Asker: 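I am attaching a structure below and will ask some questions about it afterwards.
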Amino acid sequence: MSDTAARTEATHEHVSLAQSWIANNYSPLPVVLASAEGAWVTDVDGRRYLDALAGYSALNFGHLHPTLVAAARSQLDRLTLTSRAFHSDRLGPFCRDLATLAGKELVLPMNTGAEAVETAIKTARRWGYEVKGVPDGRARIVVMAGNFHGRTTTIISFSDDPLAHDHYGPYTPGFDLVPFGDLEALEAAVTDETVAVLLEPIQGEGGVILPPEGWLRDVRRLTRERNVLMVADEIQSGLGRTGTTFACDVEGVVPDIYVLGKALGGGIVPVSAVVADRDVLGVFTPGSHGSTFGGNPLGAAVGQAVVGLLATGEFQQRARQLGALLDDGLRELLGHGVDAVRCRGLWAGVDIDPSLMTGREASHRLLEHGVLVKDTHGSTVRIAPPLVIGEMELEILLDAFRAILR
Ligand SMILES: Cc1ncc(COP(=O)(O)O)c(C=O)c1O
């Protein structure tokens, strides 16, 4: 059945409005969502779907988590924006709690993930010049092949994905690309002018790519030895998704800089942050960096409530326990239409046998079976359900997979 035939009138109307009025920078699946709760979403025709993407991990706590909605509601009635020209009674408590959760001393609040990555890059460069003593304008940052850190001009300058990178030059210099998980290449790329190694502990957009065991620990050792900052972009991997608060925790690694976003805003408002110790984040001076909305009271109230949920450890535990079931269930499909499964916590990349269908086709078929996921890179389907998902819902997800591969 074609997409168009499957759509009812309301869906059709919204899709055609979108096609008429929205720039063509995405190709959403033909489903128009109107409401949601927990792990479930409902479309304009009243059909319910299990959300197994969770806003690319921005909805780790599910849709409309009551604690987060209550925090947002009560803040909406009090104070929503101050700019950083003044203090608010929300920002200090949020940053204290977030720094404590991360075991760090300072927080620099921003809004989107890309802004936080930009902030981390500026932090590392400035640290390089003012603390490490790299000659001005010469700082270099080592980044990983297959990376995804956002869409700004500087960030896409070091993307090796032609779709993200091409036709946006001239590009920002100062980045050296090495293969993800390759310690030797990393060692060779680090010079006296290197100020940071920027990595995703698990590459999300890349297809949930796990580095070889021990690699994060090796990167930590190498960056310490060479006086280089280890910057972990945990925007997608962090905040409970992998069964630990941060994906780096799996190897007991503490980077110099955490870059956080997505779930930090509880799926309600964009909240991102750079979290590090004073000897690193202390490089900023008034006026040298900022954002009108960064650290706004509404975002801070929600962010603090998010940190409160994470501090209980409940979500990390759910991701561990249910993640083991997800891993087992997906592994049973190996050789039955699935070529590879990479799972960490409630996060999985599933490579569909390309002779059967593309990842995109698999996503369409799963949609027809009431499950929303997103393809990435040809034949891979990414699964990242909200961490509030239950065992029964996980079974619905696995059943849908079994059905489309039959
Ligand atoms: C690892 C990582 N870093 C950065 C970003 C960019 O975040 P945003 O889309 O909020 O700018 C993303 C988004 O997918 C991401 O996965």
Side-chain angles (χ1 to χ4, degrees), residues 23 25-28 53-60 108-124 141 143-161 163-165 168 172 175 177 180-181 196-211 216 219 230-242 245-248 250 255 257-275 291 293-296 299 302-303 306 342 344-349 373-377 380 382-384:
N25 61 329
Y26 280 93
S27 64
L53 180 66
Y56 302 97
S57 287
L59 288 153
N60 277 2
L108 202 168
M110 298 297 281
N111 309 284
T112 63
E115 281 175 294
V117 173
E118 288 276 350
T119 301
I121 291 169
K122 287 170 83 173
T123 308
I141 295 177
V143 294
M144 305 299 141
N147 70 70
F148 185 86
H149 296 285
R151 302 288 194 170
T152 62
T153 318
T154 288
I155 292 171
I156 58 93
S157 292
F158 57 85
S159 168
D160 58 356
D161 175 356
L163 258 181
H165 173 275
Y168 296 121
T172 307
F175 298 95
L177 201 69
F180 183 60
V197 172
L198 168 63
L199 55 84
E200 298 153 87
I202 295 172
Q203 292 188 327
E205 288 294 315
V208 191
I209 308 296
L210 307 172
L216 288 172
V219 175
M230 178 175 180
V231 183
D233 178 347
E234 294 251 18
I235 287 168
Q236 196 166 153
S237 60
L239 308 184
R241 172 61 54 194
T242 57
T245 302
F246 303 108
C248 282
V250 174
I257 297 181
Y258 289 108
V259 191
L260 305 174
K262 292 198 193 282
L264 195 55
I268 299 176
V269 277
V271 180
S272 66
V274 168
V275 188
S291 154
F293 289 94
N296 68 79
V302 175
V306 163
R342 296 170 298 278
R344 178 66 57 79
L346 268 174
W347 201 17
V373 297
K374 179 74 176 73
D375 59 299
T376 183
H377 293 275
T380 303
R382 196 172 5 165
I383 303 174

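What you see below is based on every heavy atom in this structure, not just the backbone, and it leaves out hydrogens, waters and symmetry mates. Index from 1, following the sequence. First listed ligand is number 1; within each ligand, the first listed atom is number 1. Given the structure is predicted, the values throughout are model-derived calculations rather than measurements.
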Asker: If we only consider heavy atoms of K262, is any one of them less than 4.0 Å away from an atom in ligand 1?
Answerer: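 K262 counts as a contact of ligand 1 under the 4.0 Å cut-off.
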Asker: Is there a donor in the side chain of T376 and an acceptor in the side chain of E205, or the other way round, less than 3.5 Å apart?
Answerer: no
Asker: Is the closest N or O pair between G113 and ligand 1 shorter than 3.5 Å?
Answerer: yes
Asker: Numbering the atoms of ligand 1 from 1, which are under 4.0 Å from a heavy atom of E200?
Answerer: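 Counting from 1, the qualifying ligand atoms are 1 (C).
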Asker: Atoms of ligand 1 less than 4.0 Å from H149 heavy atoms?
Answerer: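 Within the 4.0 Å cut-off of H149, ligand 1 contributes 3 (N), 4 (C), 5 (C), 6 (C).
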Asker: Using only heavy-atom distances, determine whether the side chains of R241 and S57 contain a donor-acceptor pair under 3.5 Å.
Answerer: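 Their side chains do contain a donor-acceptor pair, which is all the 3.5 Å distance test asks for.
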Asker: Would you check whether I235 has a nitrogen or oxygen atom less than 3.5 angstrom from a nitrogen or oxygen atom of ligand 1?
Answerer: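 No; the residue has no nitrogen or oxygen that sits under 3.5 Å from a nitrogen or oxygen of the ligand.
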Asker: Parallel, tilted or perpendicular, judged at 30° and 60°: which one describes the rings of F158 and F175?
Answerer: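 Answer is tilted, since the angle falls between 30° and 60°.
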Asker: Under 4.0 Å and counting heavy atoms only, is there anything from the protein next to atom 9 (O) of ligand 1?
Answerer: no
Asker: What atoms in ligand 1 come closer than 4.0 Å to a heavy atom of D233?
Answerer: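 Atoms satisfying the 4.0 Å criterion: 1 (C), 2 (C), 3 (N), 4 (C).
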Asker: What's the separation between atom NE2 in H149 and atom CG in D233, rounded to the nearest 0.5 Å?
Answerer: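 The NE2 atom of H149 sits 5.5 Å away from the CG atom of D233.
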Asker: Does ligand 1 have an atom under 4.0 Å from some heavy atom of F148?
Answerer: yes
Asker: Where is the tightest heavy-atom contact between I202 and A247, given as atom of each residue plus distance?
Answerer: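 So the minimum-distance heavy-atom pair works out to CD1-CB, 4.4 Å.
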Asker: Could you tell me, atom by atom, which parts of ligand 1 come under 4.0 Å of a heavy atom of A114?
Answerer: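 Reading through ligand 1 atom by atom, the close ones are 6 (C), 7 (O), 8 (P), 11 (O).
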Asker: Under 3.5 Å, is there a donor-acceptor pair between the S291 and N111 side chains?
Answerer: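 Yes, side-chain donor-acceptor contact under 3.5 Å.
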Asker: Just distances here: any N/O of Q236 and N/O of ligand 1 closer than 3.5 Å?
Answerer: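 Yes, Q236 has an N/O under 3.5 Å of an N/O on ligand 1.
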Asker: Under a 3.5 Å cutoff, is there a donor and acceptor pairing between the side chains of Q236 and R382?
Answerer: yes
